[in-house]
Amino acid sequence: MIFCVEDDSGIRDLMIYTLHASGFEAEGFPDAGALWEALRHTTPQLIMLDIMLPGEDGIHTLKKLRSQASTANIPVIMATAKGTEYDKVIGLDLGADDYLAKPFGMMEMVSRIKAVLRRTMPKEPVKTLLIAGLEMNLDRHTVTSDGKRVELTLKEYELLHLFMEHPGLVFTREQLMEKIWGNSFVGETRTVDVHIGTLRTKLGSCGEYIKTVRGVGYRMEAGL
């Protein structure tokens with residue numbers, strides 16, 4: 001939802017029409033009072049805020065937006081009269097995310113809105129597991145050992161994933177067989193030892209992180 005605060009009804013209607021045509025939900029307001037009333041019920045993705053408004057002007061409104069916890073992080077694009085450098089600087093200093101000098105084209109407005117939303121959208125954290133020199137990127141399904149890419153088979157990757165998710169925890173060979181190969185697999189626990197051996201070799205010096213617990217199984221303990 002985009003909120004457009006503009007006292008000129010013709011410009012406001014055109015902004016709303018263009019945003020709807022561009023795939024956005026949008027609402028328009030003639031002044032700051034109507035904006036504040038709407039903010040009691042809805043938090044928009046972004047606010048288009050004209051500086052020259054009747055009553056409470058855009059600069060004062062921006063100050064209030066940034067001072068309140070519920071609205072402090074809403075992206076704001078200020079609309080300034082052409083040539084008003086002072087208003088532009090004040091707006092950016094107060095925390096506006098961008099500005100448009102009037103008169104502006106509607107497609108330029110849409111482009112600026114999309115750019116600000118891209119910049120301000122929260123980034124998804126990259127899902128990684130990290131133990132000393134060993135790193136596993138779960139999004140990319142990659143493993144690096146001391147900064148070098150390591151190519152693993154699916155079972156080797158699943159074994160390493162299990163160990164890195166539970167550092168210090170000892171897994172018996174039987175547990176590893178069940179978790180990685182499943183109950184339906186017909187084979188010996190020697191299969192686990194073979195895969196652990198090749199995994200250690202591929203990981204180079206980081207292979208030492210996978211420790212053998214005599215008479216029990218294996219654990220990962222680097223950095224503990």
Side-chain angles (χ1 to χ4, degrees), residues 1-2 19 22-25 42-47 69-77 95 97-98 110-224:
M1 173 65 75
I2 310 297
L19 287 168
S22 300
F24 291 100
E25 292 184 55
T42 304
T43 300
Q45 292 174 278
L46 180 143
I47 298 173
S70 61
T71 58
N73 295 319
I74 300 174
V76 176
I77 297 178
D97 295 273
D98 202 352
V110 171
S111 178
R112 294 288 189 93
I113 287 173
K114 288 180 177 179
V116 169
L117 289 177
R118 281 196 300 270
R119 289 202 311 268
T120 57
M121 279 178 62
K123 304 290 189 300
E124 283 289 327
V126 175
K127 298 174 184 175
T128 60
L129 298 175
L130 183 64
I131 295 180
L134 192 58
E135 182 174 344
M136 175 177 282
N137 186 309
L138 302 180
D139 288 332
R140 297 181 179 178
H141 212 74
T142 58
V143 174
T144 57
S145 175
D146 291 328
K148 296 180 181 179
R149 179 78 171 266
V150 179
E151 297 297 334
L152 301 178
T153 66
L154 178 59
K155 296 304 182 187
E156 290 165 354
Y157 181 91
E158 289 176 346
L159 275 169
L160 184 60
H161 186 191
L162 184 64
F163 285 134
M164 292 184 73
E165 276 198 322
H166 303 92
L169 184 64
V170 178
F171 291 95
T172 67
R173 290 172 176 81
E174 290 75 16
Q175 286 175 323
L176 292 172
M177 285 288 292
E178 181 182 341
K179 290 178 180 293
I180 305 303
W181 281 268
N183 292 323
S184 61
F185 179 78
V186 178
E188 302 177 354
T189 54
R190 176 66 180 160
T191 301
V192 174
D193 298 328
V194 171
H195 278 77
I196 294 291
T198 57
L199 179 57
R200 282 172 167 161
T201 299
K202 288 183 178 182
L203 295 179
S205 60
C206 293
E208 298 175 2
Y209 302 168
I210 303 173
K211 305 294 184 181
T212 300
V213 181
R214 288 195 178 278
V216 184
Y218 299 95
R219 72 166 174 238
M220 180 163 280
E221 63 177 39
L224 298 179

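Quick note: numbers below take in every heavy atom, side chains included, and nothing from hydrogens, waters or symmetry partners.
In plain terms, the two heavy atoms of Arg119 and Asp98 that are nearest each other are NH2-CB, 4.5 Å. When all heavy atoms of Pro75 and Gln45 are compared, the pair lying nearest together is CD-O, 3.0 Å. In terms of heavy atoms, Asp139 sits closest to Asn137 at N-OD1, 3.0 Å.
The backbone N or O of Thr142 sits nowhere less than 3.5 Å from a side-chain atom of Arg149 that would complete a donor-acceptor pair. No donor-acceptor pair under 3.5 Å is formed between the side chain of Lys155 and the backbone N or O of Trp181.
If you take CD on Glu208 and CD on Glu221, they are separated by 11.0 Å, rounding to the nearest 0.5 Å. Separating the NE2 atom in His161 from the NE2 atom in His166 is a distance of 8.5 Å, to the nearest 0.5 Å. Taking CD1 from Ile77 and CD1 from Ile47, the interatomic distance works out to 11.0 Å, rounded to the nearest 0.5 Å. The CE atom of Met164 lies 9.0 Å from the OH atom of Tyr209; values are rounded to the nearest 0.5 Å. Distance check, rounded to the nearest 0.5 Å: CD of Glu156 to CD of Glu158 gives 10.5 Å. How far OG1 of Thr191 is from CE of Met177: 5.0 Å, rounded to the nearest 0.5 Å.
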Query raised in the report: Run the side-chain contact (heavy atoms from CB on, under 4.5 Å) check on Leu19 and Ile113 step by step: do they pass?
Result: CA-CA 10 Å; Leu19 287 168; Ile113 287 173; 3.6 Å; yes
Report task. Just do the side-chain contact (heavy atoms from CB on, under 4.5 Å) check on Tyr218 and Val192 with the steps written out, would you? Result -> CA-CA 10 Å; Tyr218 299 95; Val192 174; 4.1 Å; yes
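Crowding of Asn73 atom CG: a count of heavy atoms from other residues, nucleotides or ligands under 6.0 Å not exceeding 12. Heavy-atom contacts from other residues, nucleotides or ligands closer than 6.0 Å to CD of Glu165 number more than 12.
At least one side-chain heavy atom of Ile74 sits under 4.5 Å from a side-chain heavy atom of Pro44. Counting heavy atoms from C-beta on, the side chains of Gln175 and Val170 never come closer than 4.5 Å. Between Phe163 and Ile196, some side-chain heavy-atom pair lies under the 4.5 Å cut-off. Using a 4.5 Å heavy-atom threshold, the side chains of Ile180 and His195 count as separate. For the pair Leu117 and Phe24, the minimum side-chain heavy-atom distance is below 4.5 Å. The closest side-chain heavy-atom distance from Leu46 to Thr120 is not below 4.5 Å. Counting heavy atoms from C-beta outward, Leu203 and Leu160 have side chains that approach closer than 4.5 Å. Within the 4.5 Å cutoff, the side chain of Glu25 has no heavy atoms near those of the Thr42 side chain.
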